[in-house]
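A short write-up of the structure that comes next.
Any value given below was found using the heavy atoms of this structure, including those in side chains, with hydrogens, waters and symmetry copies removed. As the structure is a computational prediction, the values presented were derived from the model and not from experiment.
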Amino acid sequence: MVGARPQFVKLAPVHKALSDLGVEHLIVHTGQHYDSKLSDVFFEEFDIPAPVANLAIGSHSHAVQTAKIIESLEPHIVSQKPDWVLCYGDTNSTLACAVVCSKLPFKMAHIEAGLRSKNTFMPEEHNRILTDHCSDLLLAPTDNAMQHLQSEGLSERSYLVGDVMIDVLNTAKESIFSDGRRSEEINTRESQFYLATIHRQENSDIEERLREIIDALSELDLPTYIPSHPRLVKKCKEFDIELNKGSLRSIDPLSYRELVATVMKAEHIITDSGGLQKESFHLGTPCTTVRTETEWVETLTGEWNKLVEPKQITDAISRPHPSTERGFPFGKGDAAANIAKLLLKF
Ligand code: UD1
């Protein structure tokens with residue numbers, strides 16, 4: 001079960017690993033993300049089969065979105081009678097799936113279990129905790145995630161498998177290495193640039209904070225490309241904030257390979273995305289994260305990633321280039337194979 005952009009990316013290697021073992025893997029799309037650039041493009045890029053059902057839930061308040069998914073998803077699970085239901089990450093689609101499975105005799109595995117920000121103002125933090133406590137099998141990406149699960153009394157159902165994002169990233173890196181592929185728009189214009197993404201509710205929904213972030217990005221010393229998430233575009237319109245000003249250039253959301261190639265070429269990443277913090281770390285591009293905490297604390301090693309307030313963005317991106325070895329805290333790219341083996345075992 002998937003519903004939002006990062007979940008389509010995470011599903012790709014799991015689908016392949018299951019197919020390689022001859023397991024039938026059916027996909028239900030909740031329709032939480034419905035714009036083609038946040039959804040269809042990833043099914044095409046990763047050659048993921050079409051979902052057996054698209055619940056077409058779309059955008060609503062958190063409660064209504066979650067409730068609508070719960071109601072629409074249940075009959076599909078009941079009729080398909082799966083041996084395992086897989087859910088990913090921390091979105092409203094994830095929580096809805098966990099609630100449905102916890103009240104049915106079908107087992108559910110949570111991929112990316114055990115992440116915690118300890119920030120209960122984030123809707124995602126509630127989704128993570130509730131989903132982990134409802135799941136039958138907890139598939140953790142890092143040692144740190146395993147420790148969180150242990151401290152919440154969930155050790156018996158928890159397994160360290162590594163991070164499926166590294167599987168995807170390694171494959172993408174091989175296919176694009178040094179071929180210069182970037183978003184056409186960036187490719188034709190600049191040799192040195194920054195890449196920014198902002199979409200978290202804590203950053204986009206408070207006018208003053210969003211204005212501060214956009215002002216800081218527009219005053220940086222290099223062109224700063226911002227592939228704009230629909231939430232950001234919507235909020236900027238609502239607050240009358242200009243996204244194309246100074247050094248800041250708003251562009252359409254990028255495909256996965258375009259994003260990876262762009263991260264590899266960028267001087268620095270400024271983001272509030274979880275995935276991008278890890279992608280920057282793994283690819284060796286310094287990252288500045290506009291948040292007060294991160295679930296991916298491993299990326300903070302040697303200041304490869306730095307947490308900042310909007311006012312600190314300019315200073316943070318001019319820090320010395322990190323030189324500390326990064327190691328492989330997210331695994332070496334075999335997470336999907338580990339997951340498939342565990343699912344078959346149980
Ligand atoms: C969701 C997840 C977040 C994840 C992110 C990835 C929750 C609580 N949040 O945030 O954890 O990091 O996806 O992108 O589930 N919209 C569109 N078109 C779309 C999708 C959304 O226009 O295809 C707009 C709508 O105005 C909507 C807003 O974006 O109200 C927010 O979408 P929503 O699904 O609520 O959450 P995200 O911010 O995308």
Derivation and outcome, salt bridge (Lys or Arg N to Asp or Glu O under 4.0 Å), residues Glu208 and Arg211: CA-CA 5 Å; Glu208 201 188 327; Arg211 202 174 281 286; over 6 Å; no

Within 45° cone of Phe281 ring axis and under 6.0 Å: Lys278 NZ or CZ: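 Because its charged atom misses either the 6.0 Å distance or the 45° angle limit, Lys278 does not stack over Phe281.
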
Look at [X] together with [Y] and state whether they make a salt bridge at an N to O cut-off of under 4.0 Å.
X	Y	answer
Arg116	Asp132	yes
Glu295	Arg128	yes
Asp205	Arg231	yes
Glu74	Lys103	no
Glu238	Lys235	yes

Short side-chain donor-acceptor distance under 3.5 Å, Ser93 and Gln7: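 Note: Gln7 and Ser93 side chains miss the donor-acceptor criterion.
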
Under a 4.5 Å cut-off applied to non-hydrogen side-chain atoms, are [X] and [Y] in contact?
X	Y	result
Lys311	Glu212	yes
Gln32	Ile57	no
His29	Phe8	yes

Please report whether the ring centroid of [Y] lies less than 6.0 Å from that of [X].
X	Y	value
His229	His33	yes
Tyr256	Phe42	no
Phe346	Trp84	no
His321	Trp304	yes

Shared hydrophobic cluster for Val41 and Val263 (ILVMFWY, side-chain gaps under 4.5 Å):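 Shared cluster, yes.
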
Do any N or O atoms from the side chain of [X] and from the backbone of [Y] form a donor-acceptor pair under 3.5 angstrom?
X	Y	result
Ser247	Leu217	yes
Gln65	Gly58	yes
Ser117	Asn119	yes
Arg319	Ala316	yes

Interatomic distance, Asp272 atom CG to Arg291 atom CZ [nearest 0.5 angstrom]: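 Result: 7.5 Å between the selected atoms.
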
